[in-house]
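This report concerns only the one structure given below.
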Amino acid sequence: MRVAVIEDTANHEQYKQVLESFAKGSGGEITNSDNVGNYDCAVIFGSYKKERGRAQHKGKGKIIESGMPYVQLETQLIGRPIDTAFHTEFRVGVNGFLWDDANWGFGHIEQDRSKKVFGRNGYDPTISWKEDGEYILLCMQKVGDASLRGADVFEWTWLAVERLRQHTQRKIVIRPHPLYRKSTIHQALQKQLLKLANVHWQEADVTKPNFIPIEEQLKNAWCTVTYSSGTGIDAVINGVPNVACDTGSMAYEVSSKDIAEIEKPFRGDKLEWANKIAHCQWSIEEFKSGECWEHVSKSI
């Protein structure tokens, strides 16, 4: 199989180095999006936003819209760092990057790597579900993020709070994404939400003194409510139940699907999911060694 590793889909030197690591383990060749005619599949870095005009998005668009099979490297799932955009582990899917649109190779799983992946990131895949908590943590997402698939995060947040109030009187804490964008709209939403009974707004800007890391906020949470946010994974791996409102959520399989279940959220078995999600995340060393490619290539 001839593998084209598409360098112009990365917009930073460190991202290009990640692609080079993947090329080493897959036997791929570093090239660009205009030179893929003789290849069987491509490897791209990051998600594709058609409306974006930057060079890396144009490069990804050429690959995705061509119809050729591709491997997509995206953000870390387990143990995501919040203080840097440069990760040492990555989500790796075939023809997509969300739970319901990528081929993750689950049919090819031959071993349990959950302890390995969870362990090196400081987590225990066998952690028990929490059954207490002071509040519901509703987690917003970055405006325009590809994982929203066109959904309006402001409208979703308002409607989610309204729905929650139909099923619970628990305290609700709104946690905006650390990368606000469109801050005036956030401020307008905050003003409206704070008029509602027992609804609070948590500062999520890491540069502010009253910032609380997600791990700390989860300690006292009854349940999280997410659209497709990676915070749903953060919740589950810390034993906190989650409501996932979109099938693209990487925690969808171990989450409640309906806000109406907020008082009795999903707390079922999650060991199979833990192994699945561990097969979605790979380290740079596993790129270089070919261990990642051995699994991923079976889905192409």
Side-chain angles (χ1 to χ4, degrees), residues 74-82 87-93 97-100 102-139 175 212-226 228-258 261-287 289 291-292 294-296 298-299:
E74 247 286 354
T75 51
Q76 188 169 336
L77 298 165
I78 303 161
R80 299 174 303 149
I82 63 168
H87 302 173
T88 58
E89 300 193 23
F90 298 85
R91 170 185 350 192
V92 183
F97 73 104
L98 296 173
W99 186 258
D100 62 351
N103 189 331
W104 301 105
F106 296 148
H108 305 295
I109 290 177
E110 298 177 351
Q111 60 181 337
D112 187 344
R113 59 183 256 118
S114 61
K115 290 183 179 180
K116 175 183 180 181
V117 178
F118 277 65
R120 70 191 181 202
N121 285 286
Y123 294 94
D124 177 3
T126 66
I127 189 171
S128 300
W129 290 108
K130 281 183 59 186
E131 297 194 22
D132 58 7
E134 298 175 14
Y135 47 75
I136 296 161
L137 185 63
L138 190 152
C139 301
R175 184 183 177 90
I212 301 177
I214 186 63
E215 292 82 4
E216 287 299 313
Q217 204 158 25
L218 286 171
K219 289 179 180 178
N220 296 316
W222 163 257
C223 183
T224 53
V225 176
T226 59
S228 57
S229 172
T231 310
I233 298 174
D234 295 333
V236 172
I237 64 179
N238 281 283
V240 178
N242 177 61
V243 177
C245 295
D246 185 74
T247 56
S249 168
M250 296 298 288
Y252 194 73
E253 191 170 288
V254 286
S255 300
S256 287
K257 282 70 173 175
D258 192 333
E261 300 173 13
I262 193 65
E263 285 297 331
K264 294 182 179 180
F266 175 88
R267 291 191 178 92
D269 182 78
K270 58 185 187 309
L271 291 181
E272 182 179 352
W273 170 84
N275 193 28
K276 286 180 177 179
I277 205 76
H279 278 81
C280 300
Q281 178 166 313
W282 304 84
S283 68
I284 290 177
E285 289 306 312
E286 289 168 336
F287 286 176
S289 70
E291 184 179 345
C292 174
E294 182 180 2
H295 174 74
V296 172
K298 296 173 183 176
S299 299

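Residues: numbered from 1 along the sequence shown. Only heavy atoms go into these numbers, but all of them, side chains included; no hydrogens, no water, no symmetry mates.
- With hydrogens and angles disregarded, no donor-acceptor distance shorter than 3.5 Å links the side chain of Asp124 to the backbone of Phe118.
- In this structure, His279 contributes its side chain and Asn275 its backbone to a donor-acceptor pair below 3.5 Å.
- Shortest non-hydrogen contact noted between Gly105 and His295 is O-CE1, 3.2 Å.
- Lys130 contributes a side-chain N or O that, together with a main-chain N or O of Lys219, makes up a donor-acceptor pair within less than 3.5 Å.
- For Gln76, the side-chain hydrogen bond (donor to acceptor under 3.5 Å, both in side chains) partners two or more places apart in sequence, or in a different chain, are Asn121.
- At a threshold of 4.5 Å between non-hydrogen side-chain atoms, the residues Trp273 and Pro125 do not count as touching.
- Using a 4.5 Å cut-off on side-chain heavy atoms (C-beta onward), Met250 and Gln281 make no contact.
- At distances below 3.5 Å, at least one donor-acceptor pair connects side-chain atoms of Arg91 with backbone N or O atoms of Phe97.
- Atom CD of Glu263 is surrounded by more than 12 heavy atoms from other residues, nucleotides or ligands within 6.0 Å.
- For the pair Val117/Tyr123, no side-chain contact is recorded, criterion being any heavy-atom separation below 4.5 Å from C-beta on.
- Closest approach of Ile262 and Trp222 over heavy atoms only: O-NE1, 2.8 Å.
- Counting only heavy atoms from C-beta outward, the side chains of Ile214 and Leu137 approach each other to under 4.5 Å.
- We find the CD-CZ distance between Gln217 and Arg175 to be 5.0 Å, quoted to the nearest 0.5 Å.
- Sparse packing is recorded around NZ of Lys264, with 12 or fewer heavy atoms of other residues, nucleotides or ligands lying under 6.0 Å away.
- Contact between Ile284 and His87 at its shortest, heavy atoms only, is CD1-O, 4.1 Å.
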Discussion item. Side chain to side chain contact (heavy atoms under 4.5 Å, CB included) for Ser114 and Leu271? Distances and angles first, verdict last.
Written reply: CA-CA 8 Å; Ser114 61; Leu271 291 181; over 6 Å; no
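- The shortest distance between side-chain heavy atoms of Val243 and Asp258 does not fall below 4.5 Å.
- Here the CZ-OH distance, from Phe266 to Tyr252, works out to 12.0 Å after rounding to the nearest 0.5 Å.
- Within the 4.5 Å cutoff, side-chain heavy atoms of Arg80 are placed close to those of Asp234.
- One distance of note links CD1 of Ile78 with CD1 of Ile237; it measures 6.0 Å at 0.5 Å rounding.
- Judged purely by atom type and a 3.5 angstrom limit, Lys257 has no side-chain atom pairing as donor or acceptor with the backbone of Thr247.
- Scanning both residues, Leu218 and Asn238, for their nearest heavy atoms gives CD1-ND2, 3.8 Å.
- Applying the side-chain hydrogen bond (donor to acceptor under 3.5 Å, both in side chains) test to Ser249 and every residue at least two apart in sequence or in another chain returns nothing.
- The line from NZ of Lys116 to OG of Ser283 is 7.0 Å long, rounded to the nearest 0.5 Å.
- Annotation: side chain of Trp104 is not in contact with side chain of Lys276 (no heavy-atom distance under 4.5 Å).
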Discussion item. For Arg113 and Glu286: C-alpha separation, side-chain torsions, deciding distance, then whether salt bridge (charged side-chain N to carboxylate O under 4.0 Å, His left out) applies.
Written reply: CA-CA 12 Å; Arg113 59 183 256 118; Glu286 289 168 336; 3.1 Å; yes
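- Between Cys245 and Val225, the shortest heavy-atom contact is SG-CG1, 4.4 Å.
- Checking side-chain atoms of Trp99 against main-chain N and O of Glu253 turns up no donor-acceptor pair under 3.5 Å.
- For the atom pair Ser289 OG and Glu294 CD, the distance stands at 9.0 Å (nearest 0.5 Å).
- Paired with Thr226 under the rule side chain to side chain donor-acceptor pair (under 3.5 Å), one option of Asp246, Asn242, Thr231 passes, and it is Asn242.
- Considering all non-hydrogen atoms of both residues, Trp129 and Lys270 come closest at CZ2-CD, 3.5 Å.
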